[in-house]
Structure formats: structure tokens, C-alpha cells
Amino acid sequence: MVTIRSRFAPSPTGFLHLGHAYSAVVSWNIARKAGGQFLVRIEDIDFTRCREHFCDQIFEDLSWLGLEWPTPVLYQSRRARAYESALQQLSDLGLCFPCCCTRKDIASALSALHGPANEPGGLQRHPRYPGTCNHRLMANRRSGDAIRIDMRKAIECLGGPDAVSVLFFRDVGPLRSGCHHLDPDHLVDHYGDFVVARGDIATSYNLAVVIDDAAQDISHVVRGEDLFAETALHRLLQALLDLPIPVWLHHKLVTDASGKRLAKRHDAMAISRYRDMGWDADALLSSLDLRKCP
Ligand code: GLU
């Protein structure tokens with residue numbers, strides 16, 4: 001029998017809000033109902049935005065909601081070696097190239113190719129990397145260069161388009177339930193050569209999340225449906241790095257009264273604010289209508 005291990009993996013860049021409470025509790029429920037384990041992981045790779053005091057607040061909020069998790073928790077900021085070795089593996093496969101393009105460079109290369117973003121058929125329909133640095137060798141990586149994966153080479157490395165199109169990921173949530181196959185054309189056209197290490201940070205969200213879910217033996221990746229599009233890249237990286245494959249549960253996003261999804265700057269919806277106003281955690285959770293989730 002598979003032991004369920006789920007996780008809640010916030011980035012300490014602001015206060016947790018009702019959307020985080022929803023996500024954490026869905027993840028907690030899935031593990032608890034199966035007698036499994038729920039973990040908390042702090043995704044603090046972006047030192048430009050993460051703050052220590054938000055970590056303390058995260059633990060306080062989650063405890064107030066009644067959740068428990070084993071300690072010590074994993075902090076991504078302390079995992080540089082694991083990410084470095086994954087990058088080396090990808091590089092040894094001949095899939096990486098260094099990239100010095102700024103967002104502005106990419107936008108102007110794309111608009112030269114396809115027309116400006118605001119023209120029909122322009123930039124927004126072709127958001128993928130234009131391939132400017134694709135010929136460069138890792139041996140010539142300069143300080144501040146990002147690292148990208150050459151998507152076509154990655155597909156070839158996995159056996160070509162036919163082999164890739166039988167790769168799938170399974171979602172067990174109410175919104176996206178079923179098997180989602182990787183479409184090689186979509187990988188090339190939509191994602192293109194994607195970043196696995198930023199210039200200023202020696203990893204990326206996509207790489208770190210895949211490495212840590214594997215290291216922590218996560219069987220169920222629970223998160224909001226805003227991250228659904230990233231899952232194809234995660235599945236691709238798992239295949240390239242020969243990592244175990246979890247199942248996913250992408251859940252709905254909690255919105256405010258006007259239907260807009262909550263952001264960390266929505267302090268009015270911060271969990272701590274409800275606590276300060278005297279709310280009881282059970283009442284707060286009932287207001288989130290968690291019944292439709294497993
Ligand atoms: N750290 C991400 C966030 O706070 C969540 C990542 C994940 O669950 O895969 O949005």
C-alpha cells in the first residue's frame with residue numbers, strides 16, 4: 001500500500017491568506033484521511049522577496065488552523081547542493097545552455113519575430129524563448145547567466161516525440177481529474193527552452209520543487225490550479241532526472257467578493273487578520289467550503 005505523503009509549500013513573501021488556508025487544509029486532509037503524513041516546506045529560494053518573519057507567521061497560522069507537521073521543516077534556501085547536482089545531471093545529458101537574455105531582450109527579439117505584443121498574432125501568442133543563446137556552451141557560462149534547458153534536445157533525450165507523448169501525469173482533484181499526456185509540440189511551442197537556474201539564484205521554482213518533492217517522498221502534490229501549467233515541466237524534469245512520479249491535485253483558487261483571486265498583498269484576507277478579529281479556526285475553515293475536495 002502506498003503511504004500518502006502530502007505537503008504545503010509556501011514561499012515566505014507575504015502573509016498567508018484564505019487561499020493558502022484552503023490549500024494547506026486540502027493537503028492535510030488528504031494525508032490524514034489515509035493515515036499518511038503531511039509536511040510543510042518553505043520555498044524561500046528567492047532571497048530578494050523572502051523574509052524570515054513571514055516564516056514565523058506561516059508556522060503560527062498553520063498551527064492555529066489545527067495542522068501539525070514533522071520538524072525540522074525543509075528550507076529550500078539550504079538545498080543548494082541538491083539543486084547543483086541536478087543541474088549537473090541535466091548538463092551532463094547535454095541539455096543545458098547559459099543565457100544572458102533579459103526580459104526586455106526576449107520581448108524585443110519576439111516582437112521582431114512576431115510583431116509587438118498588442119498586435120494580433122504578436123508577442124502574447126508566442127511567449128516562448130526565441131532561442132538567442134541556444135547555441136552557447138555551458139563551458140562559456142558567465143557570472144549572472146541563467147541556465148535553460150533546450151526543449152527539443154530534452155524531447156530527443158527521452159526517446160523523441162513518440163516516447164514523450166506517452167508520458168503523463170495524473171490529477172486526482174475535482175477540477176482536473178484524469179491523466180494528462182505530455183504533448184511534444186505543445187512543450188516546444190508553449191514552453192520552449194525553459195529556465196532551470198536563474199542568473200541570481202542557482203535554481204528555479206520548477207527545478208527546486210521537483211527535486212524536493214522527490215527528496216521528501218511526496219506522493220500527492222496538492223496546490224492551486226494556477227500552477228497546473230507548470231506540471232508538464234515538472235513531469236518532464238522527473239523523466240529526465242529519473243525521479244519518482246507523484247500524483248497531483250490542483251484545486252480551485254479562493255477569490256474575493258469580486259471574484260478576483262487572492263494575492264499575498266490582500267492583507268485584508270490574511271489568516272492572521274481573521275485570528276486578530278477573534279475568528280475561530282473551525283468557523284474560518286467552514287467558510288471556505290472544503291467539502292467538495294477529497
Ligand atoms: N511555493 C509555491 C507558492 O507559494 C507553491 C509551490 C507548489 O506547491 O508547487 O506558490
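First listed ligand is number 1; within each ligand, the first listed atom is number 1.
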If you count the atoms of ligand 1 from 1 in the order shown, which ones are under 4.0 Å from a heavy atom of Tyr205?
6 (C), 7 (C), 9 (O)
Can a donor-acceptor pair be found between the side chains of His251 and Ser23 at a distance below 3.5 Å?
yes
Which of His250, Arg176, Arg261 passes side chain to side chain donor-acceptor pair (under 3.5 Å) with Glu225? Answer is Arg176
Can you sort out which atoms of ligand 1 are near Glu43, meaning under 4.0 Å from one of its heavy atoms?
1 (N), 2 (C), 5 (C), 6 (C)
Could you say whether the N/O atoms of Val221 and ligand 1 ever approach to under 3.5 Å?
no
Lys/Arg cation over aromatic Tyr75: Arg78, 6.0 Å, 45° cone:
yes
Would you call Glu230 a ligand 1 contact, heavy-atom distance under 4.0 Å?
no
Which atoms of ligand 1 sit under 4.0 Å from any heavy atom of Arg7?
7 (C), 8 (O), 9 (O)
What pair of heavy atoms forms the shortest contact from Pro161 to Ile155, and how long is it?
N-CG2, 3.7 Å
Could you list which atoms of ligand 1 come closer than 4.0 Å to a heavy atom of Val209?
9 (O)
Take every heavy atom of Phe8, measure it against each atom of ligand 1, and state whether any distance is under 4.0 Å.
no
Taking Ala24's backbone N and O only, do any of them form a donor-acceptor pair with Ser27's side chain (distance below 3.5 Å, no angle check)?
no
Quick one: sort the Phe169 and His180 rings into parallel, tilted or perpendicular, breaks at 30° and 60°.
parallel
